[in-house]
Amino acid sequence: MKGLLACTMLAAMTSAAMTTAATAQVSDGVVRIGVLTDLSSWGRDNSGPGSVEAAKMAVEEFGPTVLGKPIEIISADHQMKTDVGVQIVRGWFDNGKVDAVVDIPNSGIAIAVHNMVRERGKIALLSGPGASSLTDELCSPNTVHFTYDTYALSKVTASAVIKEGGKSWYFITADYAFGQQLEKDATRFINEGGGKVLGGVKHPTNTADFSSFALQAQSSKSDVVAFANAGQDTDNAIKQSGEFGLVQGGQKLVGLLMFDTDVHAIGLKAAQGTYMTTASYWAMDEATRAWSKKFYERTKVMPTMIQTGVYGSVLHYLKAIKVAGTDESAKVMAKMRELPIEDIFVHGGKLREDGRVIRDMYLAKVKKPEQSKEPWDYLDIVKTVKGEDAFRPASESKCPLLKK
């Protein structure tokens with residue numbers, strides 16, 4: 001009798017352990033993804049509500065569950081303020097049971113959250129920030145820098161413009177981590193290409209009046225005026241430079257970080273001829289057109305590369321959870337590095353040990369008004385640059401994760 005009782009108890013304990021193990025596959029019974037983005041400030045159009053919708057579209061494509069558990073998308077507005085962003089994420093981790101944080105436009109906020117994610121053993125899926133330091137000296141085993149960075153933007157754009165004769169440069173730069181890093185990276189490639197920087201000016205974010213900056217750029221008589229800023233700052237700077245006749249005077253305009261939505265806001269007349277580098281474009285092929293039209297139906301704008309990056313990073317994360325059989329961060333990150341990255345906009349991408357996603361980038365030039373054949377037909381894709389040629393090579397990296 002005692003033997004039978006012991007066997008029964010052992011079986012019950014084994015069953016309970018198996019049940020616990022199965023439940024533990026997904027922490028708290030839900031895969032919860034927090035989209036931290038800009039819903040109210042100068043980066044809203046390039047990320048914002050569109051990033052939230054892109055994350056939802058990734059879940060819809062993948063399926064409503066993973067490992068039999070529901071997937072939940074939540075979102076919050078960091079207002080382009082580091083303290084607000086950090087407070088939100090701390091609350092998500094402490095009380096909201098969030099497993100991964102997505103997007104985070106604004107490099108200063110992203111760096112702070114990136115450090116917190118590493119401390120808490122969570123995952124950051126970054127699409128919005130550009131600072132290349134995130135996968136260089138600040139690299140983390142818990143961060144995925146999915147879409148673009150200042151290194152790739154600078155290298156692809158500067159190299160092409162110098163080859164077209166743009167030897168002397170003047171910068172109009174946003175005075176925060178992203179703008180400073182973008183100017184620094186671009187200066188390197190300008191110098192390596194045989195060009196030179198004549199000078200520049202820094203401005204606070206969310207600036208409305210760029211007239212004095214445009215006049216300083218004009219008086220420099222540089223071949224190129226480069227805008228190392230983003231969002232409405234880029235829109236205002238290029239518009240006002242156009243009004244002061246910089247292009248008519250023979251200067252080339254370069255948006256070191258521009259999006260389709262910026263061209264839409266500026267207008268083809270003012271933006272025509274501007275060079276930019278992008279990780280995606282809505283009209284690349286029939287598949288990107290079909291996805292983008294669905295996105296447009298939900299948002300009334302075509303997707304930016306930040307938004308397609310949110311979609312791609314969430315989809316890859318969910319695929320990795322499925323293959324790993326758990327949402328435990330270290331195991332999921334291992335699978336994200338192991339699996340090839342395949343989605344509507346990325347083919348044959350790969351996640352490097354430093355967190356950098358290696359993917360193709362595209363040099364684009366804004367069309368003249370008469371060249372546009374349909375709404376949102378704004379860009380000519382001038383050149384495809386393979387990921388290995390666009391992003392920082394491992395041999396140049398300061399990341400200790402690549403030294404192992």
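From a predicted model like this one, the values you see are computed outputs, not experimental measurements.
For Arg352 and Asp354, the salt-bridge test passes: some basic side-chain N is under 4.0 Å from an acidic carboxylate O. Note on Lys293 versus Glu374: no salt bridge recorded, every NZ/NE/NH1/NH2 to OD/OE distance being 4.0 Å or above. The pair Lys368-Asp380 fails the salt-bridge criterion, with no side-chain N (NZ, NE, NH1 or NH2) lying under 4.0 Å from an Asp/Glu carboxylate O. Salt bridge annotation for Lys294-Glu297: absent, with no cationic side-chain nitrogen under 4.0 angstrom from a carboxylate oxygen. A salt bridge between Glu396 and Arg188 is present, with a side-chain N of the basic residue lying under 4.0 Å from a carboxylate O of the acidic one.
At least one side-chain heavy atom of Val366 sits under 4.5 Å from a side-chain heavy atom of Leu268. Here the side chains of His264 and Phe259 are not in contact, with every heavy-atom distance at 4.5 Å or above. In this structure, Tyr362 and Met284 have side chains that are in contact, with non-hydrogen atoms separated by less than 4.5 Å. Inter-residue side-chain proximity for Thr157 and Phe189 is flagged as unmet; no heavy-atom pair is nearer than 4.5 Å. Residues Asn236 and Thr207 fail the side-chain proximity criterion, which asks for heavy atoms closer than 4.5 Å. Put simply, the side chain of Ile33 reaches to within 4.5 Å of the side chain of Ile71, judged on heavy atoms. Between Leu125 and His316, every side-chain heavy-atom pair lies at or beyond the 4.5 Å cut-off. At least one side-chain heavy atom of Phe171 sits less than 4.5 Å from a side-chain heavy atom of Ile190.
Taking each heavy atom of Ser127 and Ile306 in turn, the nearest pair found is OG-O, 2.7 Å. Taking each heavy atom of Val66 and Val26 in turn, the nearest pair found is O-CG2, 4.2 Å. Of all heavy-atom pairs between Ile358 and Gly387, the closest is CG2-C, 3.5 Å. Heavy-atom minimum distance, Ala54 versus Gln307: CB-O, 3.1 Å. For the residue pair Thr288 and Ala283, the shortest heavy atom distance occurs at OG1-C, 3.9 Å.
Judged by distance alone, the side chains of Glu61 and Tyr311 do bring a donor and an acceptor atom under 3.5 Å apart. Ser168 and Asp223 share a side-chain donor-acceptor pair at under 3.5 Å. In this structure, a donor-acceptor pair under 3.5 Å is present between the side chains of Gln180 and Asp175. Defined by atom type and a distance below 3.5 Å, a donor-acceptor pair is missing between the side-chain atoms of Thr299 and Glu53. Between the side chains of His78 and Asn106, no donor-acceptor pair is found at a separation under 3.5 Å. For the residue pair Asp103 and Thr37, a side-chain donor N or O sits within less than 3.5 Å of a side-chain acceptor on the partner. Side-chain contact, Ser47 with Asp38: no donor N or O sits under 3.5 Å from an acceptor N or O.
Glu342 pairs by the salt bridge (Lys or Arg N to Asp or Glu O under 4.0 Å) definition with nothing, not counting sequence neighbours.
At least one donor-acceptor pair under 3.5 Å links the side chain of Lys403 to the backbone N or O of Ser397. The main-chain N or O of Gly128 is found under 3.5 Å from a side-chain atom of Tyr148 such that the two form a donor-acceptor pair.
Atom OG1 in Thr82 sits 9.0 Å away from atom CD1 in Ile111 (nearest 0.5 Å). Once rounded to the nearest 0.5 Å, the distance linking CE of Met361 with CE of Met305 reads 5.5 Å.
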Do Thr234 and Asn229 pass the side chain to side chain donor-acceptor pair (under 3.5 Å) test, and can you show the C-alpha distance, the side-chain angles, and the key distance before you say yes or no? CA-CA 6 Å; Thr234 302; Asn229 48 20; 2.8 Å; yes

Decide yes or no on side-chain contact (heavy atoms from CB on, under 4.5 Å) for Val301 and Asp45, but give the supporting numbers first. CA-CA 9 Å; Val301 294; Asp45 292 342; over 6 Å; no

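Within a 6.0 Å sphere centred on NZ of Lys167, heavy atoms belonging to other residues, nucleotides or ligands number more than 12. Crowding of Lys81 atom NZ: a count of heavy atoms from other residues, nucleotides or ligands under 6.0 Å not exceeding 12.
Ring pair Trp291/Phe295 is parallel by interplanar angle, where below 30° counts as parallel and above 60° as perpendicular.
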